[in-house]
Amino acid sequence: MTTAIRTGPKPNQEQDVSLRQLDHADTLELPVTGDGPFNFLHTAWKPSHYVTGLEAHTASRSWRTFRVDDLVTGVRMHAENRLVIAEVYTDGDYKPEHRDHLARRLTASYGLDEDLSQFIELATDVPTMRGPLESLSGMRQSCPEDHFEIAVVALLLQHVTVARTTQMTRNLLTHYGQLVRFDGITLRAWFTPAEIAHVSAEIFKEQDRLGYRAKTLPRFAAFFRDYPAEELTAAHDLEQTFQQIKGVGPYTAAIMASHASRDTASFGLDVWNRKILARRLLSADDAAPEAVNHRLNELFPGHAGTAGLYLVEYEYLNAPVAPLLTPGGDVDAWNEALAGVVAEPCNPR
DNA sequence: CACCAGGTCCCCA
DNA sequence: TGGGGACATGGT
């Protein structure tokens, strides 16, 4: 690995909605060590994912922010065959421990060390997987979010249109997150559980328009503030563990397990992907969740989550929720759209 | 102005 | 254990 660790303290930035400029601090070279094919584009960019402002993608590059403890980092990634090269940017005090943390986080978030060959073997024998395999082979589960962050995303997806999910996400990230600029791109960054610990359910409801889920967010913050991620990965029955949090049901728990804990056997069924899978697996317009899950596990024992991922992303491939950016004008327009956030009033009704 | 949205909780047979 | 309504908000 090449190293260019920038050390030296930086003054603490005050928490406001101003744009933080991040400087280049490191280059990480992350090998894909897991068996099976690797497809960088479809690993980094998922056509079914809604716009958060936390990441941006062109056909060959991905930008994404990560919170590494209190540090705010921006990462620009591309791949050379089975090597992912990540340029790291930050305005904080970047230490060697941050480098290790980030290398592990990126490797895990994009499944670089995960074995895809078993799933490919199973899928090759299933006719309905033919299209997905041809278009997406080498795609791995991606989850740049940690457990807290992905729980918030899943919470905001519950029982609302994606338009409103996007609105609530924008409110939260504008009010409690960060806006950063690095490598020519402007992105939002997450808030940590500690950073919203002082915010009441009332504020989440009134100011951030979260509706009845406003009560759940403080519970998430409290739960994850003192729950180490390692224990969440090692839990015996992940989905049952997560459902102990009020506001987390089968869907949200499965998202957390399949994404943040990377359990390839879990798959979060919502009404949309339930219909997609019913059509693909049961030749029906819709089906009971139990029937869909049963068939998925029957065909892909141990890899139901991966199979669901391939089928759902394939469905969205020709009409992505958030299309790829083209390097020129799209990126400029993207930056302008996010830069406008700074000037906007905090609480548009 | 009803109705409903990429769930979850709670209550009641 | 399982069905059915309520829940906040904003868009048709």
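Proteins get letters first, then strands, A, B, ... in listed order; numbering begins at 1 in each.
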Just checking A/V312: base, sugar-phosphate only, or nothing, at a heavy-atom cut-off of under 4.0 Å?
-> nothing
Base, sugar-phosphate, or nothing: which does A/Y316 touch, judged by heavy atoms less than 4.0 Å apart?
-> base
From the options A/L28, A/T27, A/D183, A/D26, select the one residue that forms a side chain to side chain contact (heavy atoms under 4.5 Å, CB included) with A/E87.
-> A/T27
Walking along DNA chain B from 5' to 3', note the first and the last nucleotide with an atom under 4.0 Å from a heavy atom of chain A, and give both.
-> B/dA5 to B/dC10
Got a sec, which pairs hit ring-ring contact (aromatic ring centres under 6.0 Å, His included) with one end in residues 256-283 of chain A, sequence neighbours left out?
-> none
Any salt bridge between A/E202 and A/K205, counting N to O under 4.0 Å?
-> no
Could A/E114 and A/R140 be called an ion pair, given the rule that one side-chain N must be under 4.0 Å from one carboxylate O?
-> no
Could you check whether [Y] and [X], counting side-chain N and O atoms only, form a donor-acceptor pair closer than 3.5 Å?
X: A/D115; Y: A/S117; value: yes
X: A/R170; Y: A/Q167; value: no
X: A/R20; Y: A/Q178; value: yes

Output the residues of residues 153-165 of chain A in contact with DNA chain C, where contact means a heavy atom of the residue under 4.0 Å from an atom of the strand; sort by number or write none.
-> A/H159, A/R164
Of the residues in residues 210-217 of chain A, which ones touch DNA chain C at a heavy-atom distance under 4.0 Å?
-> A/G211, A/Y212, A/K215
Roughly how many Å apart are [M] and [N], using the [atom1] atom of each and rounding to a whole number?
N: B/dC11; M: C/dA8; atom1: P; result: 14 Å
N: C/dG5; M: B/dC4; atom1: C1'; result: 14 Å
N: C/dG2; M: B/dG6; atom1: P; result: 26 Å

Set of salt bridge (Lys or Arg N to Asp or Glu O under 4.0 Å) partners for A/E145, sequence neighbours left out | A/R64
A/Y110 ring center within less than 6.0 Å of A/F38 ring center = no
Check whether A/L106 and A/I85 end up in the same hydrophobic cluster, where Ile, Leu, Val, Met, Phe, Trp and Tyr are linked by side-chain heavy atoms less than 4.5 Å apart.
-> no
Taking for each residue the nucleotide of DNA chain B bearing the nearest heavy atom, is the 5' side occupied by A/H49 or by A/K246?
-> A/H49
Within a strict 4.5 Å, meaning less than it, do heavy atoms of the A/F148 and A/I196 side chains meet?
-> yes
Kindly indicate, with the supporting measurements, whether the criterion ring-ring contact (aromatic ring centres under 6.0 Å, His included) is fulfilled by A/F191 and A/H175.
-> CA-CA 9 Å; A/F191 44 87; A/H175 297 160; over 10 Å; no
Give, ordered by number, those residues of residues 260-291 of chain A having at least one heavy-atom distance below 4.0 Å to an atom of DNA chain B; if nothing qualifies, reply none.
-> A/D270, A/V271, A/W272
Do you know the tightest heavy-atom contact between A/P127 and A/D125?
-> CD-O, 3.5 Å
